[in-house]
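For reference, the structure is listed below as structure tokens.
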Amino acid sequence: MVGLVVVSHSPKIVEGIKDLALQMIPEEIPLALSGGTSDGRLGTDFQRILTAINQVYSEDGVLILYDLGSALMSAEMAKESLPPEKQQNISILKVPIVEGAVTAAVEISLGKDMNSIINAFKEAGLEKSF
Amino acid sequence: MLSASDVIYVLEKMGTVIAENKEYLTELDSAIGDADHGINMTKGFDAVKSKLEDIKQKNIDNIGEILKITGMTLVSTVGGAAGPLYGTAFMKAALAVMGKTEVDIRDFQNIMEGALAGVKMRGKAEISDKTMVDALEPAVNILRESKDKELNEIELLNNVRLAALQGMEYTKGIQARKGRASYLGARSIGHQDPGATSSYLLLNTIYQTVEEIKGKDINGG
């Protein structure tokens, strides 16, 4: 199963997204959250994102969705800190974080691979740029 | 030439200056951003300060290693966009002087080239986007253009920080195209960019601290 990592500046946002996504699917999927910094501030934290990636990592890949600017930068740094053979299985995608997470959760629960999930984003008109 | 302990001293001074300007940076950021730049930077440089104590205890004199540790610490502790940006800047700067126990002005140019390339790669910003790049790129340009000029290190570092100062002031008149301020569109005009400001403060600290160090050398103390 593809793993899903949701990165936001706010822990409340990622918790809310998790609630919404889980409402749509019958069973648990590999989902990890990184909301806010480790000391409770609004922001993003490269270490927490890295931990989240490792929690859900498999060779099927990990999809990372993010909210604002520094979330992308921190996610990129977390990805770059992994060995190249892992990096190639990690996709950071620019899609609306709520719709993207719900769509991804459904696709993942159906056992779809990374390419199918990306296609599902396109079909739903979610992609901003890939 | 600066030794590893001089570089550590400069980094400590950076922490002091950032802490002194905590409110100022946050105030600038509250006008056009998320009002946390001063708080975040102080948090990051406080963490750097304690790492520098470790570095001193372990007698690490590889300047590249010192800059790398600084960058990694900033990435993990700053929290805002400045974490990945300054973190990448210091980590790319580190590559330029890895293994060196002394640095001269040309090494400093390489450090700054690395830092600028790192910031641009990470933030995908260019000049006039109203970001750190507006302070850093003119500073690097001064170093590039200085190769054929007969300036001593202190004069050159003074020109570098003045270029950064000018770049920082230039950000007041332009519209943000990157970062949180870009959401404000034209309303960002008239406000000085907090990131360009912290970049200027760091370059100003380098100038002032190197001048202090060299002054001591000349006076034999």
Side-chain angles (χ1 to χ4, degrees), chain A residues 5-15 32-55 64-84 87 90-98 127-130, chain B residues 22 26 29-30 32-44 46-47 68 71-92 94-95 118-125 129-133 176-184 188 193-195:
Chain A
V5 172
V6 183
V7 182
S8 167
H9 283 59
S10 156
K12 290 180 186 168
I13 288 177
V14 292
E15 286 298 337
L33 307 176
S34 176
T37 65
S38 52
D39 56 358
R41 285 172 294 152
L42 291 174
T44 56
D45 183 325
F46 143 87
Q47 281 296 345
R48 296 188 89 191
I49 299 170
L50 188 58
T51 306
I53 293 172
N54 284 323
Q55 270 171 19
I64 304 177
L65 304 179
Y66 63 93
D67 61 357
L68 300 167
S70 77
L72 172 61
M73 291 191 275
S74 299
E76 285 175 344
M77 293 201 85
K79 177 180 172 178
E80 287 163 19
S81 73
L82 291 164
Q87 281 191 38
I90 296 173
S91 305
I92 305 174
L93 292 187
K94 186 178 183 183
V95 294
I97 189 168
V98 178
E127 90 274 27
K128 289 181 188 163
S129 61
F130 287 111
Chain B
K22 182 177 167 181
T26 293
D29 199 24
S30 69
I32 53 169
D34 45 4
D36 62 6
H37 192 53
I39 298 160
N40 287 345
M41 289 291 283
T42 303
K43 212 139 199 158
D46 278 353
K68 185 178 156 196
M72 290 174 69
T73 308
L74 292 174
V75 170
S76 309
T77 55
V78 169
L85 290 169
Y86 280 117
T88 305
F90 276 96
M91 285 194 267
K92 293 282 178 198
L95 295 176
V119 167
K120 290 174 90 170
M121 178 211 56
R122 184 65 61 207
K124 297 172 185 77
D129 282 347
K130 198 176 179 107
T131 70
M132 292 160 57
V133 174
R177 290 193 298 222
K178 286 280 173 203
R180 200 66 72 87
S182 64
Y183 292 92
L184 294 173
S188 63
D193 180 62

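Order of the sequence lines sets the chain letters (A, B, ...), proteins ahead of strands, with each chain counted from 1. Predicted model only: the values in this text are computed from it and were never measured.
The part of A:Gln47 that comes within reach of chain B is its side chain, from C-beta onward, which places non-hydrogen atoms under 4.5 angstrom from that chain. Interface residue B:Thr77: only backbone heavy atoms are found under 4.5 Å from chain A. At a 4.5 Å heavy-atom cutoff, the contact between B:Lys124 and chain A is made by side-chain atoms alone.
Legend: residues meeting side-chain contact (heavy atoms from CB on, under 4.5 Å) with A:Ser10, ordered by chain and number and at least two apart, are A:Ser8, A:Lys12, A:Ile13, A:Leu42. Every residue meeting the side-chain contact (heavy atoms from CB on, under 4.5 Å) condition with B:Leu184, not counting sequence neighbours, appears here in chain and number order: B:Ile32, B:Arg187, B:Ser188.
No side-chain donor-acceptor contact under 3.5 Å links A:His9 and A:Thr44.
Note on B:Asp129 versus B:Arg177: salt bridge recorded, some NZ/NE/NH1/NH2 to OD/OE distance being below 4.0 Å.
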